[in-house]
Protein chains: 2
Amino acid sequence: MASSAPELSRRAREIVDTARALLEDEGPDALSMRRLAERLGIRAPSIYKHFADKREIEAALISVGFEEIAEAFEGAGRRGGLLGLGRAYRRFALEHPHLYRLMTSGPLPRELLTPGVEDRAALPLLDTLEGDADRARAAWAFAHGMAILELDGRFPPGADLAEAWRRGIAAFADG
Amino acid sequence: MASSAPELSRRAREIVDTARALLEDEGPDALSMRRLAERLGIRAPSIYKHFADKREIEAALISVGFEEIAEAFEGAGRRGGLLGLGRAYRRFALEHPHLYRLMTSGPLPRELLTPGVEDRAALPLLDTLEGDADRARAAWAFAHGMAILELDGRFPPGADLAEAWRRGIAAFADG
DNA sequence: GTCTATACCCGGATAGAC
DNA sequence: GTCTATCCGGGTATAGAC
């Protein structure tokens, strides 16, 4: 049995909260054990009494992010269909760019995540597309592509991204 | 006038070729000035006689990547339409995963690129979609999302990605 | 165009005292 | 659960000799 994400102590949760604030305020390079300790008012080695290594802290951040995006989706999906999901997704990415990047780039440390969070975040889209997994994967790829390319400043300055989102969502709604 | 990408000397081109081989063989973390010098059989400081800094070398790699993807597109687009472009795009990403990541993640150092390469790579898709820029952006986001999520192992093990690609391409072809 | 020597920065992580 | 001291690794980049 994989050990995977035991509950966190109160102090561990404080550390994760602080890590999140640090990440969101200053970006991924700032999320070092030393800088995190500094924000907590302690020394870096003390953190290792609460987490085995840095990856555990990052995994906790990713789990929190998935939970939040799942909550946003669960509201938006029923009311707003595919368009509502798209808007909620884009909003999350734009409001939490550094957290979004941490959640979506590179391999996922699945063994360290809170069990079920990944599936829970994916479910509203799958439901909205009536269980069509292939279409859901394609739609997710579209949404992630739009979000990350926007965050990275890849579209031309004048581009009407709201319109590009609409076009993509319409394509997957009808298809 | 921005200076942007002067022609490279022969030695500089050798350095870029070696950097590319290093990147593709061992990934982005291996692409350090020291490791690059090691492959070249020289010492790291010597590289600075040919490039001002590491960013210039990365920009040269990105320019090369854009040129290659443009060439692949220019062939594929006329024959194969949107489906042909999609196949060419996926193939490039899977065959050069580390280069693809370097080209597509994070902000683009546009001032350092060979002028015009970015537009040239984008043009075949825009042409295929008859100049509809919003649809082209959405389709590009879909393709990038599929490619990067596949490279990062984000889809479930059993997922039929060829089918997801087909669904997405069909959606943008009809839409 | 290459070298040596080096400055300077940063990172994750461990040992052992308290 | 915190500390100090430390290890060990890495990185980009510069100065100045040859």
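All values below come from the heavy atoms of this structure, side chains included, with hydrogens, waters and symmetry mates left out. Residue numbers start from 1 in every chain, and the chains themselves are labelled A, B, ... in the order their sequence lines are given, proteins ahead of strands.
For B/Leu36 and D/dG10, the CG to C1' distance is 16 Å, given to the nearest whole Å. Atom CD of A/Glu56 is separated from atom P of C/dG12 by 14 Å (rounded to the nearest Å). Look at CD on A/Glu38: it is 17 Å from C1' on D/dC3, rounded to the nearest Å. Across the protein-nucleic acid pair, A/Ile15 atom CD1 and D/dG1 atom P stand 9 Å apart, rounded to whole Å. Look at CZ on A/Arg43: it is 17 Å from C1' on C/dG12, rounded to the nearest Å.
Going from atom CD of B/Glu95 over to atom CD of B/Glu24 covers 9.5 Å, rounded to the nearest 0.5 Å.
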Protein within reach of the bases, or only the backbone? For nucleotides 11-18 of chain D, mark each nucleotide 5' to 3' as B, S or -, using heavy atoms under 4.0 Å.
BBBBB---

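For the helix from C/dG1-D/dC18 to C/dC18-D/dG1, the axis fitted to the five pairs at one end and the axis fitted to the five pairs at the other end meet at an angle of 0° (nearest 10 degrees).
The distance between the ring centers of B/Tyr100 and B/Tyr89 falls below 6.0 angstrom.
Between A/Arg166 and A/Asp160 there is no salt bridge, since no side-chain nitrogen of the basic residue lies less than 4.0 Å from a carboxylate oxygen of the acidic one. A salt bridge links B/Glu150 to B/Arg90: at least one charged side-chain nitrogen sits closer than 4.0 Å to a carboxylate oxygen. Looking at A/Arg137 and A/Asp134, a side-chain N of the basic residue comes within less than 4.0 Å of a carboxylate O on the acidic one, giving a salt bridge.
Residue pairs satisfying the ring-ring contact (aromatic ring centres under 6.0 Å, His included) criterion with at least one member in residues 22-61 of chain A, sequence neighbours excluded, are absent.
For the pair A/Ser46 and D/dC3, the criterion of a side-chain N or O lying under 4.0 Å from OP1 or OP2 is met.
Annotation: side chain of A/His96 is in contact with side chain of A/Arg20 (closest heavy-atom distance under 4.5 Å).
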Could you go through the side chain to side chain contact (heavy atoms under 4.5 Å, CB included) check for A/Leu36 and A/Ile57 one step at a time?
CA-CA 11 Å; A/Leu36 175 54; A/Ile57 297 174; 4.0 Å; yes

